[in-house]
Participant: 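Below you'll find the structure I mean.
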Amino acid sequence: MLQVSYIRENREHVLERLAVKNFKQPELVDEVIKLDEQRRQTQNTLDGISAESNAAAKQIGELMRTGKKEEAEAIKSKSNTYKEDIKKLSEQLSSIEQELQQKTVLLPNLPHVSVPKGSTPEENEVVLEHGARPELPANALPHWELAAKYNLIDFELGVKITGAGFPVYKGKGAKLQRALIAFFLDEAEKAGYDERMVPHVVNEASGFGTGQLPDKEGQMYHVGVDNLYLIPTAEVPITNLYRDVILKADELPVQNCGYTPCFRREAGSYGAHVRGLNRLHQFDKVELVQVTHPDQSYEVLEQMSAHVQGLLQKLGLPYRVLRLCGGDMSFTAALTYDMETWSAAQQRWLEVSSVSNFETFQSNRLKLRFRNSEGKTQLAHTLNGSALALPRIVATLLENNQTETGIKIPEVLVPYTKFEWID
RNA sequence: GGAGAGGUGUCUGAGUGGUCGAAAGAGCACGCCUGGAAAGUGUGUAUACGCCAAAAGUGUAUCGAGGGUUCGAAUCCCUCCCUCUCCGCCA
């Protein structure tokens, strides 16, 4: 959520940035400014009357104590008139505040200056491409066929016990999952991240804090009886660890990592591109979260991007890095890098990580602050990134490393899998 | 699920209608003391919003949340949420 005071003082800039994001309702900006004006005016009047009312109450107390009952009664009747005004004004104020909040929440984050204009994925900027795309033999198989051939993943069983998009991993397939999770967590720890193991369901306040609610309600599984949501990413519980927190300056940056399964309804996305592991309702992911000083967040974003790229390099996967254009970025992000691996059998790029700086967009909702050098509270910046999401990594590994005799496990993973080949 | 107790500042904890944004202690910060440290000692130590060009200052709100009684509520009443203890169930 953008800060209303910022919108008020930087109207032109806000409008200009929202245009980069292809925001369709720029008129909301002026509505917000107008409501804020009303809010301040109303509060001003209310505060004045409250002050008078408080003074009168105090005076009555004084008179009662000194036994001047008659005088006290006189003021009492006067005080009663304040009461009505106060009630009316505070109702007015809270309805203005509510409306202001409802409108402000509809404004997406402002894109960073480096974000390219554009509205479709084709307009994303390719920052770099790394590693050669492997040449596969003519009879190379897509990962879902490899998974079946080597008995690694059973999609049908998942359908039977749950539904489409909930695969069952078996044998070496299951071990590969565990190996990747452990590898990613170890690498994160080496890079200075402190691990968190968190709940996989969250309450409404947490969903709001990171921006999933009320916007993307339909993307999450909702547990109706308890009004809880299955997490779509570890970003939600881990970032919310710092909701309503004021950090000391020397506690920054906060660096956390964590593994969780992720649950996404993915309503309406079916077809050839979601075959196999390409798009699931439940998948595993190791997530990085950082809370930083505003001056450092972009430097940290680059570090996180470098960390993710390091993982892909160690796994020997060809990849590219995209800087998302305004229209393709999420509602909450100011700048996002997507990492995609080249899936050799499918002949296409698969998104395996998304690293974003949210600046103060989340922290304003979370009330996540730190005490700056002047001793004042200030909103911190939040960032997060997948490091990494497993299914598409597995898909690429299986496809790119297939040979006539089996699938070669990357060397860095062997200490975790305890086997070198899937055959 | 049944029965009971309770939610106050960073923490412990006092406060049952007015002088309470809130005693006291601990912690923390800064200063004094010291060769240095400990001890001792002094001062300070919530957040948000408004007014003000800004600072200083000042107004308002906040003692789990929301509503009510009252001139006045941390304190009384109602509703909800949460935590703890005991019982039941149980990895």
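Naming convention: chains lettered A, B, ... in sequence-line order (proteins, then strands); numbering from 1 in each chain. Just so you know, these numbers come straight off a predicted model, no measurement behind them.
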Participant: Could you pick out which residue, A:Asp47 or A:Glu97, lies toward the 5' side of RNA chain B when each is mapped onto its nearest nucleotide?
Facilitator: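 Its nearest nucleotide being more 5', the pick is A:Glu97.
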
Participant: For nucleotides B:rU8 and B:rG13, find the distance between their P atoms and express it as a whole number of Å.
Facilitator: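 It works out to 9 Å between them.
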
Participant: Using Watson-Crick or G-U wobble geometry with both distances under 3.5 Å, which nucleotide pairs with B:rU83?
Facilitator: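 By the stated definition (distances under 3.5 Å), B:rA5 pairs with B:rU83.
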
Participant: When the P atoms of B:rC63 and B:rU19 are compared, how many Å lie between them, rounded to an integer?
Facilitator: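 The answer is 15 Å between these two P atoms.
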
Participant: Please work out which of the three classes, parallel, tilted or perpendicular, describes the rings of A:His307 and A:Tyr193, given edges at 30° and 60°.
Facilitator: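 Taking A:His307 first and then A:Tyr193, their aromatic rings sit tilted (interplane angle of 30° to 60°).
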
Participant: Nearest-Å distance, CD (A:Gln98) to P (B:rG66)?
Facilitator: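 Distance check: A:Gln98 CD to B:rG66 P gives 13 Å.
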
Participant: Residues two or more places apart in sequence or in another chain: which of them pass side chain to side chain contact (heavy atoms under 4.5 Å, CB included) with A:Ala395?
Facilitator: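 For A:Ala395, the residues satisfying side chain to side chain contact (heavy atoms under 4.5 Å, CB included) (neighbours in sequence not counted) are A:His143, A:Leu277, A:Leu350.
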
Participant: Whole-Å distance between B:rG59 C1' and A:Gln43 CD?
Facilitator: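 Going from A:Gln43 (CD) to B:rG59 (C1'), I get 9 Å.
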
Participant: I want to check one thing: is the phosphate of B:rC51, taken as OP1 and OP2, less than 4.0 Å away from some side-chain N or O of A:Arg40?
Facilitator: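 It does, given that an N or O in the side chain of A:Arg40 lies less than 4.0 Å from OP1 or OP2 of B:rC51.
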
Participant: Is the phosphate of B:rG59 approached by A:Asn44 (side-chain N or O, under 4.0 Å from OP1 or OP2)?
Facilitator: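 False: A:Asn44 side-chain N/O out of range (4.0 Å or more) of B:rG59 OP1/OP2.
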
Participant: Verify, without hydrogens or angle tests, whether A:Glu299 (side chain) and A:Gln296 (backbone) share a donor-acceptor contact under 3.5 angstrom.
Facilitator: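 Not at all, since once roles are kept as given, no pair shorter than 3.5 Å links the two residues.
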
Participant: Just N and O in the side chain of A:Lys367: are any of them under 4.0 Å from OP1 or OP2 of B:rC49?
Facilitator: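 No, A:Lys367 has no side-chain N/O under 4.0 Å of OP1/OP2 on B:rC49.
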
Participant: OP1 or OP2 of B:rG72 sitting under 4.0 Å from any side-chain N/O of A:Lys83?
Facilitator: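 The answer is yes; a side-chain N or O of A:Lys83 sits under 4.0 Å from OP1 or OP2.
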
Participant: Against the six-membered ring of A:Phe419, is A:Lys172 placed for a cation-pi contact (under 6.0 Å from the centre, within 45° of the normal)?
Facilitator: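 Output yes; distance and angle both within limits.
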
Participant: Please check the phosphate of B:rC71 (OP1 and OP2 only) for any side-chain N or O of A:Ser53 closer than 4.0 Å.
Facilitator: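 Answer is no, no contact under 4.0 Å.
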
Participant: If each of A:Gly375 and A:Ile75 is mapped to the nucleotide of RNA chain B with the nearest heavy atom, which maps nearer the 5' terminus, i.e. the 5' end?
Facilitator: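 So the residue in question is A:Gly375.
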
Participant: Could you tell me the separation between the CG atom of A:Leu93 and the C1' atom of B:rA48, rounded to a whole number of Å?
Facilitator: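 Atom CG in A:Leu93 sits about 13 Å away from atom C1' in B:rA48.
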
Participant: For nucleotides B:rA14 and B:rG7, find the distance between their P atoms and express it as a whole number of Å.
Facilitator: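 Taking atom P in both B:rA14 and B:rG7, they lie 9 Å apart.
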
Participant: Do the side-chain N or O atoms of A:Arg371 get closer than 4.0 angstrom to the phosphate oxygens (OP1, OP2) of B:rU47?
Facilitator: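 For B:rU47, OP1 or OP2 has a side-chain N or O of A:Arg371 closer than 4.0 Å.
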
Participant: Would you say A:Arg39 places a side-chain N or O within less than 4.0 Å of OP1 or OP2 belonging to B:rU60?
Facilitator: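 So the side-chain polar atoms of A:Arg39 never come under 4.0 Å of the phosphate oxygens OP1 or OP2 of B:rU60.
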
Participant: Counting only heavy atoms from other residues, nucleotides and ligands, does the tally under 6.0 Å from CD of A:Glu123 exceed 12?
Facilitator: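 Result for CD/A:Glu123: enclosed.
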
Participant: Work out how far the C1' atom of B:rC81 is from that of B:rA29, and round it to whole angstrom.
Facilitator: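 That atom pair is separated by 36 Å.
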
